Amino acid sequence: MADGKLVELVPAGAEPALQVPYDVFDASAHVVLPGLINTHHHFYQTLTRAFRPALNKALFPWLCALYPVWAELTPEMVHVSSKLALAELLLSGCTCAADHHYLFNNAIGDAIDIQVQAAQELGMRAVLTRGSMSLSQEDGGLPPKQVVQDPDEILEDSVRLIRAHHQPGDGAMIQIALAPCSPFSVTEELMKQTAQLARAQGVRLHTHLAETEDETQFCLEKFGARPLDYLERLNWIGPEVWLAHGIHFNEAEIARLGAAGMSITHCPSSNMYLSSGICRTLELEAAGVAVGLGVDGSASNDGSNLIQEVRQALLLQKLKYGAEQVDHQRAFNWATRGSARCLGRPDLGRIEVGAQADLALFKLDEPRFSGADDPLASLVICGAVKADRVMVGGKWRVINGIVEGLDMDKLMNDHSQAARSLRQAAAEISQGADAIRF
Ligand SMILES: [Zn+2]
């Protein structure tokens with residue numbers, strides 16, 4: 001390893017051929033994986049985990065229960081929730097995480113800058129998407145007006161963030177992408193302008209699409225088009241676009257996605273919890289679509305554990321396609337190579353010469369693994385939850401199951417306090433409203 005990259009793969013028992021200075025770490029007790037890559041999350045939602053008023057709801061009523069709560073976010077809450085979510089991901093073997101932050105009230109105009117700082121504090125790679133909402137309830141959208149922004153403000157801030165933080169090319173630690181929330185919370189004009197801006201600036205595009213049947217009905221009624229047809233009308237079809245969920249596509253739509261070289265983030269836990277449906281991963285991959293994995297927001301999962309999400313994907317997809325059609329290697333590939341393709345990062349998700357030295361090392365020394373034969377299969381099937389060591393760009397970020405340089409107890413304490421404050425603020429705003437109970 002040199003300059004944060006893998007320079008040689010040495011077979012067992014052999015000596016390195018290259019003369020580079022190196023430290024020796026004996027990984028004979030570990031299962032070594034490429035660092036896992038998470039391609040869809042909403043870090044701030046870790047503050048509304050298992051939130052009573054939002055339990056047991058489908059997507060649209062679930063969102064309506066939570067928007068007024070999220071409207072009370074402060075800068076400190078954005079920081080502590082981003083850091084907690086990233087640390088949780090890191091401990092699960094994740095070395096690169098994308099976040100979709102689309103909620104901006106008056107207090108958190110610099111939410112993405114705060115997230116950049118949180119990722120840098122942990123030494124993780126992050127793709128932070130400048131999300132947006134511009135279509136309020138008054139204009140036929142879903143979110144309340146206090147969390148939607150003016151389109152010009154959104155576009156100006158997008159340019160500012162790209163200039164300030166986006167690192168192009170191999171080895172990038174921080175990247176920015178543009179990500180209007182969804183067709184039911186953003187105007188047609190803003191969707192078009194965002195796509196134009198992303199292409200002009202050379203950054204990727206992301207949004208939620210085809211998550212539920214409700215969304216398909218909404219698009220048919222409001223736009224006279226199915227979700228993908230609507231996206232095409234907005235000039236959003238292209239290889240720089242990755243979509244979260246991608247469940248309700250028909251055959252012709254899957255073929256179009258493949259022909260355009262697009263990517264889908266499969267979020268199995270969220271899809272199961274919200275009963276949204278099951279992503280057609282095998283048809284998508286057969287058509288040439290890249291399939292990656294995402295834990296999705298904590299309010300619909302509610303954890304941020306990527307190795308567990310690999311297990312969820314394997315179980316759900318076996319249920320859909322049959323026991324012989326999906327194996328653990330395929331599920332791992334979604335969380336590594338597939339996710340790397342979603343983010344346009346050929347330098348990540350593989351253990352190969354020239355790739356970034358991003359590694360997740362797991363031990364099999366817990367009762368759950370005792371007696372297991374295939375080490376890789378056992379990680380998924382026996383249910384690994386925590387990496388022992390994690391390396392990002394050649395630097396150890398987790399050692400012996402502990403995040404380097406992080407006081408986890410203090411972080412959890414601050415995070416729990418922030419979650420209480422957010423619930424309290426939301427309760428005060430909605431005094432007497434039946435929707436909020438504590
Ligand atoms: Zn989401």
Side-chain angles (χ1 to χ4, degrees), residues 37-49 51 54 57-67 69-70 73 78 81-82 85-86 88-89 94 97-104 111-112 115 126-133 135 141-143 147 177-186 191 194 204-216 218 227 231 236 241-248 263-279 291-306 309 312-313 316 334-335 339 342-343:
I37 301 167
N38 192 56
T39 55
H40 187 67
H41 202 328
H42 311 284
F43 295 159
Y44 70 88
Q45 293 181 6
T46 58
L47 296 168
T48 46
R49 285 171 160 160
F51 181 55
K57 287 183 162 58
L59 180 67
F60 277 20
W62 172 87
L63 279 171
C64 291
L66 283 164
Y67 279 139
V69 183
W70 296 333
L73 284 171
V78 172
S81 57
S82 298
L86 282 164
E88 194 186 351
L89 282 164
C94 173
D99 190 62
H100 188 180
H101 188 99
Y102 53 80
L103 198 130
F104 295 83
I112 306 299
Q115 293 192 306
V127 179
L128 300 163
T129 71
R130 203 305 179 184
S132 52
M133 295 199 289
L135 193 65
L142 211 57
V147 292
L178 302 186
C181 181
S182 62
F184 45 84
S185 54
V186 178
M191 288 290 287
T194 304
R204 294 181 83 76
L205 273 168
H206 181 54
T207 192
H208 294 100
L209 201 83
E211 182 173 0
T212 63
E213 289 290 2
D214 281 358
E215 178 193 327
T216 305
F218 179 93
L231 218 58
W236 261 67
V241 181
W242 91 101
L243 303 168
H245 304 296
I247 296 169
H248 300 281
S263 311
I264 299 290
T265 295
H266 176 32
C267 304
S269 295
S270 172
N271 297 160
M272 284 190 273
Y273 187 76
L274 296 174
S275 291
S276 303
I278 306 178
C279 180
V291 174
L293 277 194
V295 298
D296 201 3
S298 295
S300 65
N301 180 329
D302 287 5
S304 312
N305 190 306
L306 195 49
E309 205 65 20
Q312 296 283 59
L316 182 62
W334 289 329
S339 283
C342 285
L343 301 182

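Computed from heavy atoms alone, side chains included, the values below leave out hydrogens, waters and symmetry copies. All values reported here derive from a predicted model rather than from experimental measurement. Note that ligands are numbered from 1 as they come in the structure, with each ligand's atoms numbered from 1 the same way.
- Remark: side-chain polar atoms of Q115 are not paired, donor with acceptor, to backbone N or O of V78 under 3.5 angstrom.
- Considering E211, H208, E215 as possible partners of P227, the one that fulfils the side-chain contact (heavy atoms from CB on, under 4.5 Å) test is E215.
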Run the side chain to side chain contact (heavy atoms under 4.5 Å, CB included) test on H206 and V241 for me, step by step, so that the C-alpha distance in whole Å, both residues' side-chain angles and the decisive distance to 0.1 Å come before the verdict. CA-CA 6 Å; H206 181 54; V241 181; over 6 Å; no
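- In this structure, T212 and H245 have side chains that are not in contact, with every pair of non-hydrogen atoms separated by 4.5 Å or more.
- Looking only at atom types and distance, the side chain of S300 has a donor-acceptor partner in the side chain of S270 under 3.5 Å away.
- T39 places a side-chain N or O within 3.5 Å of a backbone atom of L293 that can act as its donor or acceptor partner.
- Inside a sphere of radius 2.8 Å centred on the Zn ion (ligand 1), the protein N/O/S atoms present are H40 NE2, H42 NE2, H208 NE2, D296 OD1.
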